[in-house]
Structures are given as C-alpha cells and as structure tokens.
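Following: one structure in structure tokens, then a few remarks.
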Amino acid sequence: MRSRWLISAFSRTLTLACSHPVHCRRFSSSATAAAATTAVAVKKVTKSNFEPALEDLRLRVREADFVAIDLEMTGITSAPWRDAFEFDRSDVRYLKVKDSAEKFAVVQFGVCPFRWDGAKGSFIAHPHNFYVFPRKELPVDGPSYEFLCQTTSIDFLAKYQFDFNACIHEGISYLSRAQEAEALQTLSSAYKDEFNNSLYNLEEHVEIPLLRTADLIFTERMKNRFHQWCDELIKSPAKNYRLEENSDSNKMQFQTVFFKMRPAVLLDGFSSHQLKLIRLVLRKHFKDLVYVRSVDENAMWKKIVVYTDSEEDKASLREVQEDLLRNTEARVRSAVGFRHVIDLLTSEEKLIVGHNCFLDIAHIYCKFFGPLPSSMVEFALAVHKNFPRIIDTRHLVNSSHVIQYLMKRSSKSLSSIFSLLCPRISSPSLHVASNSYVKVEVQADETGSSCFNSGAKHEAGYDAFMTGCVFAQACSHLGMKFELHSPSIDFSKNDKIQNYMNLLYPSWNSGTVIDLSTGIENPDSSYKRRYPQIVFSNIVLVWGFPSNIKPKDLKECVCKVFGPDSITLIFFVDSTAALIQFSKEDLVNEFLILKDNLESNDDPISVLHPLAKLLEGGNTHAANYETYRDICGSSISKVLFVDQAEAVGIRWKTKVENGSGETQKFASSSEITPGDNSPAVKQVIGKKNDPKRQSHHQVSCEDILDSLHASKLLFEKQVRSTR
C-alpha cells in the first residue's frame with residue numbers, strides 16, 4: 001500500500017512529508033557527428049538500474065580527468081526575505097544557504113565524467129541523470145522525511161518535462177554518513193537488547209511491576225492465551241490457530257506463523273507498554289517461548305513469540321538472531337543508496353566541476369555527509385577535506401578577461417555560456433569552421449541503450465554535461481594544450497587553472513569569492529555592485545512599520561530628524577522590514593534611543609515628531625544588524641519578516657547596545673507584566689495626561705515647548721550614556 005503524501009501550502013512553498021563487456025558507440029553530440037542535431041544521450045538512472053549503473057560509473061570516474069555535476073532541487077528560498085541580497089553579510093549569506101539546503105530536497109543529480117582521448121583528440125563524456133528521492137527504508141524510530149517544495153521551482157521543473165512519477169516512485173533513496181552511523185548503532189542495539197532480554201535467565205525470579213488494575217488483568221489474560229496456544233500447538237501442531245482479543249476497540253491478534261522453520265505467534269496491534277508486559281509474562285511463566293523482533297520486506301518491525309523445545313533450539317535461535325543482525329547491517333548498507341556515488345567521488349579525489357555550485361555543494365554536504373556546520377569557515381574547510389579540488393565555471397568565466405572578451409555582454413546562464421563557447425556541440429548544424437573548439441563525444445553502452453534519453457537543458461545530467469563542456473572549452477581559451485597531456489590530465493598542476501581552483505561564489509550577488517581551502521572570503525574584482533559600499537555597523541533593522549510606508553517616506557521622515565546626509569542607503573527586505581544604513585555609526589544608537597523615547601512618552605512631541613509616521617500603530621521594532629543575523633539564523637521560516645521575528649520570540653520594541661557592548665532591550669508598558677524587574681528590559685511608562693488635554697486640538701504652545709525641552713534633555717543624557 002502506497003504511503004499518503006501530506007502537503008500543506010503557504011505562500012510560495014509547500015511542505016512534503018514522505019519515505020557483459022561494454023561496447024561503445026558514438027552519439028550525435030560529437031563534434032564530428034553526421035546528424036545535424038543537438039541530441040545528447042544521457043543515462044537515466046533510477047533504483048531499478050542503480051546497481052549496474054553504479055558499477056559502470058565507478059569505471060568511468062576512475063578513468064576520468066574531471067567530473068562535472070549538477071543538481072535539481074525542489075526550491076531555493078523558504079521565504080521571500082531569505083533571498084540573497086547585497087546587504088547580506090558573509091555569515092548571513094551562509095545562514096540563508098544553510099536554510100535552503102536543509103529545507104529543500106534534491107530530486108535529480110547529474111554526474112558526467114570526462115576523459116581526454118589523445119588518439120581521437122577529444123574528450124569522452126558519460127552523462128548520468130540520477131533520480132533521487134528520500135524515503136524511509138529502515139525500521140528506525142522517528143518521523144518520515146519532510147521537505148519544502150517551492151511552487152515556482154516545481155513549475156519550472158514541469159516546464160522542462162521533469163518526470164515526477166519517476167522521481168517519487170523510482171527515485172534512489174539515500175542515507176548520509178551521519179544517518180548511516182546512527183542507524184547501525186540503533187538497529188544493532190535494538191537487536192542485541194531484544195535478544196538478551198529474550199534469553200533472560202529463566203531461573204531467576206522475575207517480579208512483574210503491575211501498577212494498575214488494567215495491567216494486572218492484561219497480564220493474566222496474556223498468560224492464559226499463551227498457555228492455550230501452547231496446548232493447542234502440542235495437540236495439533238499442523239493447525240493454524242488465530243486467537244483474537246478486543247480491547248478498547250483495538251483488535252489485538254495472535255496468529256500462528258513460522259519463524260525460521262519454528263512455530264511462532266505474530267503479535268499485532270499491541271502498544272509498546274503492552275508488549276513490555278507480554279515480555280515480562282514470557283520470562284516468568286514460559287521457558288519454551290522466546291520473544292524476538294525482525295524486519296519485514298516493508299522495513300517494518302515484526303514482533304514474534306517463537307516456540308522452542310530444547311536448549312539446543314534456543315542456542316540455534318541465537319545464531320538466527322545474529323544472522324538477522326548481519327542482515328540488518330547489510331540492509332543499512334543498502335539503504336545508503338545514492339550516497340555510494342558521493343563516496344565514489346570523494347574516494348577517487350577527482351576534480352569536481354560545477355556551475356555556480358555553492359548551493360549544490362551545501363546540498364551535497366547536508367544530504368550525504370551530515371548536518372551543516374554553523375559557520376561559513378567551518379563549512380568551507382569541511383567541504384575541502386572531502387572534495388580537495390573544485391572548479392566553479394561561473395567564477396572561471398567571469399574572472400577570465402579572455403573569456404569575458406569572447407562573451408561580451410552575453411547572459412551568464414549556463415545554457416547561454418554553453419551556446420557561445422561550445423557552438424560545435426550545442427549547434428552542430430552551424431558547421432563552425434574554427435579549429436579552436438574542443439571536441440567532445442558522448443558514449444553509451446549498446447546493451448543498455450534503452451536507459452538513455454535525449455538530454456535537455458535543466459535536466460541535471462545534461463546540465464552536468466554542459467558544465468563539463470564549458471570547463472573544457474574555457475581551459476582551451478586560457479591556453480591549455482590537452483594534446484600535450486597523456487595519458488591523463490592533472491588540472492591541479494596547471495598554472496592557468498590553479499588560479500581558479502577552490503574559489504566559489506557564495507551567491508550570485510555576494511560580490512565576493514570564498515576560498516574553500518582556507519575559508520577566507522575576498523572581494524570579487526569582476527563584480528559590479530548595485531549599491532555603494534555597505535557598512536554593516538552603520539545599519540539599523542526596522543520592521544513592523546505601517547504597510548503604506550515606502551522607501552521614499554522612510555528616508556524622508558528619518559532625514560528630517562538627523563539631516564539630509566544622514567542616510568546613505570535604504571533597502572526593503574520585504575514589505576514589512578527595511579535595512580537603513582546611516583552615514584555614521586553613532587547615528588545607529590541615536591536613532592534607536594530616540595525611537596524608544598518617542599514610544600515611551602505620551603506627550604505632544606511624540607505625536608508631532610517626524611518619526612511618528614514610522615511608529616504609527618505601535619508595532620514598529622528596531623535593532624542593529626546583529627538582530628537581522630539572529631533572525632535569519634532561525635530554522636523557522638514565516639513568509640513575512642515581521643511574522644518571522646515574532647515566531648523567533650522577539651517581544652521587545654527596541655534593542656540598543658551601549659558603549660561597553662552591553663545590550664538594552666526596551667519594551668512598551670503594555671508588553672511588560674506588573675512587577676517585572678528584569679535588568680535586561682526597561683519598563684517605560686508614560687505620564688498620565690490630564691483628560692482635558694487628551695485632544696490634539698487642546699495642546700498649547702507652552703505644552704509643546706516644555707515637551708521639546710524635556711525630550712531633548714532626556715535624549716542627550718541617554719546618548720551620552722551609550723558612548
């Protein structure tokens with residue numbers, strides 16, 4: 001029976017919870033192909049042909065000079081404000097990538113080994129398209145896999161003919177290294193504990209802790225049932241006895257089955273507490289019955305009581321249990337699934353080539369190694385340990401002046417770069433005469449031709465092929481002579497390629513490049529920034545303001561207070577939050593303190609102040625950039641930033657750091673419970689106004705002047721205290 005998929009929708013995302021010798025032939029993707037077509041034979045791999053495909057891939061990777069990869073995922077961002085922004089600091093940028101890798105699933109994994117053939121003067125490529133799908137294949141406790149589906153990403157995949165049925169029904173499951181280790185320990189412990197408990201010293205007196213009347217009645221009933229079953233078994237051993245119990249509307253059954261050629265009772269419908277009581281009954285009253293657990297073909301635990309007629313039989317049962325333990329270990333190794341491909345790539349230490357692949361690498365680490373590290377530096381070093389040589393063709397193309405000259409103002413998408421740099425492969429019908437283009441042939445085994453499809457862009461296997469072709473052609477443009485390298489090419493020792501090794505873009509608009517070998521992030525000289533220089537210590541985060549406020553309005557009301565040159569940048573994270581960069585760092589605290597004063601005092605100046613428009617509604621919050629990082633670091637993902645901040649537990653209105661680095665959090669009086677003397681929160685209670693002066697029309701000039709003077713003195717005092 002197929003599992004039922006649970007899908008809950010919110011905004012742009014969905015949550016999905018689940019479980020012979022080789023003879024080669026040339027395909028038309030070769031530069032010398034006769035047919036004028038762009039078709040490329042890509043091997044489709046699902047769980048039905050995974051084992052033979054893996055063995056073939058081992059040979060191809062071992063012979064390869066480099067391996068190109070590409071991934072297709074169910075989404076990119078779990079909320080609009082988690083998009084990559086130029087205003088994202090390095091740690092914030094990594095937290096957003098981490099969130100994406102943890103929440104979305106990989107559904108296709110493209111692997112394409114490339115080998116230089118000196119005799120043919122061309123690269124030989126073997127593109128593979130693996131369908132991947134996480135499912136629960138082991139009988140371990142815990143929830144099924146859950147992941148998000150971003151509707152725009154699913155629509156994109158559907159547009160390019162993605163086979164969702166093949167993915168869900170035939171996709172290859174996997175375990176990360178951490179999951180494998182945990183599963184082995186859990187299952188081994190479960191088997192050993194179960195067997196040791198079943199072979200409990202029967203001569204030792206066992207007291208059954210019956211704490212409830214229901215337990216007493218249940219154990220007595222179970223004792224009678226097992227006695228009845230044993231008696232009937234001895235009288236008529238060939239008969240299949242089925243005894244039923246009805247309790248609390250739950251049907252509990254005893255059904256005679258055979259376990260390793262021994263008569264046994266299959267227990268079905270009992271709670272874990274009831275099973276524990278049954279085991280205690282067996283220990284005390286039945287020397288010839290042994291409780292065991294095994295795993296069925298659906299990876300579910302079966303609880304069985306086995307009849308043994310001698311001590312020798314029990315000893316042989318121990319051997320059976322040990323075999324089951326070994327089989328369980330084999331099952332875990334089988335459940336490793338697609339991770340065998342990742343283990344192959346790491347063990348062979350081949351050059352890995354991707355296109356704009358930082359997120360791809362994060363997915364690979366999260367899905368196949370273990371939990372992602374908490375920081376960018378830790379992540380980079382951990383990746384470098386497993387993949388010591390990685391090339392990002394996006395960085396290679398952008399950083400090479402030679403290639404940039406060839407591309408001029410062309411699009412930087414993979415398919416555009418492929419069409420421009422590799423016309424003899426992408427469009428053989430054009431009959432490009434130049435000999436400067438690298439030849440690439442695609443090979444597939446004759447006997448398995450039914451597993452091959454004609455590749456297309458945005459299919460992981462074909463995109464991996466395009467990535468590899470772009471890399472080979474880029475190396476040629478950089479002056480690398482492949483014919484001088486025989487029988488294999490070591491790209492890591494080539495001076496022209498070393499300058500691009502292990503350098504990746506953290507995001508498309510980061511303006512930086514991270515060196516995986518050191519974890520150091522440096523500015524990218526080829527990147528043209530949209531905004532002026534960003535100074536994170538000068539930034540204030542504001543959220544929860546009225547929805548009708550636009551960037552122009554926000555700048556206008558702040559500049560009226562702090563001067564026309566006080567703000568250098570304003571960036572709206574979404575419709576509910578904005579980042580304001582001041583021209584001076586001191587203005588950050590001055591703004592936060594002023595905001596708190598205005599919200600604390602119920603006087604005329606607070607109503608007439610230019611910032612009153614920003615604070616209207618009483619839901620405006622503000623803090624420095626570190627709070628933005630903390631909110632982005634939460635595993636929660638609400639669609640709106642204002643809801644996200646509330647979900648992570650922020651109740652204060654304003655957060656200010658004084659000169660000594662200490663933090664003060666200010667809340668309105670309505671948000672503080674009576675008697676709350678917490679030093680971290682300052683209770684701000686406004687003056688009780690005379691009822692006669694509640695109307696704005698009754699405010700006198702004297703009231704306004706007095707209020708202005710008092711507010712000015714208080715503001716200056718608090719500013720001095722923070723310095």
Side-chain angles (χ1 to χ4, degrees), residues 139 187 190-210 212-328:
L187 292 176
Y191 264 123
K192 290 175 181 178
D193 291 345
E194 291 290 347
F195 192 66
N196 290 335
N197 289 333
S198 65
L199 297 182
Y200 191 88
N201 187 349
L202 299 176
E203 296 180 357
E204 183 177 341
H205 180 66
V206 180
E207 290 293 339
I208 301 178
L210 302 177
R212 300 182 303 174
T213 302
D215 291 347
L216 181 62
I217 296 174
F218 178 81
T219 53
E220 189 66 25
R221 182 179 298 164
M222 292 300 102
K223 183 177 70 171
N224 294 335
R225 290 299 179 187
F226 280 114
H227 274 305
Q228 181 184 355
W229 181 76
C230 290
D231 292 342
E232 295 292 344
L233 183 65
I234 294 172
K235 292 178 182 179
S236 304
K239 189 174 181 180
N240 184 357
Y241 287 94
R242 185 184 182 96
L243 306 178
E244 298 183 358
E245 279 288 336
N246 288 291
S247 176
D248 295 333
S249 300
N250 293 323
K251 192 175 185 180
M252 299 177 293
Q253 299 179 344
F254 289 67
Q255 181 181 359
T256 298
V257 294
F258 284 91
F259 179 76
K260 303 300 180 180
M261 304 302 292
R262 296 169 175 82
V265 173
L266 177 63
L267 303 177
D268 183 29
F270 294 97
S271 68
S272 59
H273 178 68
Q274 290 171 333
L275 289 172
K276 182 177 180 181
L277 293 175
I278 289 175
R279 290 165 60 184
L280 292 172
V281 168
L282 295 176
R283 290 178 186 175
K284 184 174 183 180
H285 300 287
F286 299 91
K287 295 183 179 181
D288 50 0
L289 299 182
V290 178
Y291 176 91
V292 298
R293 289 204 303 175
S294 65
V295 180
D296 62 16
E297 62 276 5
N298 296 318
M300 301 297 292
W301 282 111
K302 290 194 303 183
K303 293 84 174 178
I304 304 173
V305 176
V306 183
Y307 178 82
T308 59
D309 54 12
S310 66
E311 291 299 322
E312 291 76 10
D313 203 17
K314 288 182 180 179
S316 62
L317 188 60
R318 177 184 289 275
E319 296 176 1
V320 170
Q321 286 289 89
E322 290 174 351
D323 288 339
L324 287 173
L325 177 58
R326 286 190 290 270
N327 291 338
T328 298

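Keep in mind that the numbers below use all heavy atoms, side chains included, and drop hydrogens, waters and symmetry copies. Being a predicted model, the structure only gives us computed values, none of them experimental.
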Does a side-chain heavy-atom distance below 4.5 Å link [X] with [Y]?
X: F286; Y: V305; answer: no
X: T219; Y: L280; answer: no
X: L277; Y: M222; answer: no
X: W229; Y: L289; answer: yes
X: F226; Y: I278; answer: yes

CG on D268 to NZ on K302, rounded to 0.5 Å |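 Taking NZ in K302 and CG in D268, the distance rounds to 11.5 Å.
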
How far does CG of D215 sit from CD of Q274, to the nearest 0.5 angstrom?
->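 Reported to 0.5 Å precision, the distance equals 9.0 Å.
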
H273: partners by ring pair (Phe, Tyr, Trp, His ring centres under 6.0 Å), with sequence neighbours left out =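 H273 satisfies ring pair (Phe, Tyr, Trp, His ring centres under 6.0 Å) with no other residue.
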
List for me each residue that meets ring pair (Phe, Tyr, Trp, His ring centres under 6.0 Å) alongside Y307, sequence neighbours excluded, and say none if there are none.
-> none

Sorted by chain and number, sequence neighbours left out, salt bridge (Lys or Arg N to Asp or Glu O under 4.0 Å) with K223 holds for E220

Under the side-chain contact (heavy atoms from CB on, under 4.5 Å) rule, collect the residues that match up with S272, sequence neighbours excluded.
->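 side-chain contact (heavy atoms from CB on, under 4.5 Å) list for S272, sorted by chain: empty.
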
V306 versus A264, closest heavy-atom pair with distance = CA-CB, 3.9 Å

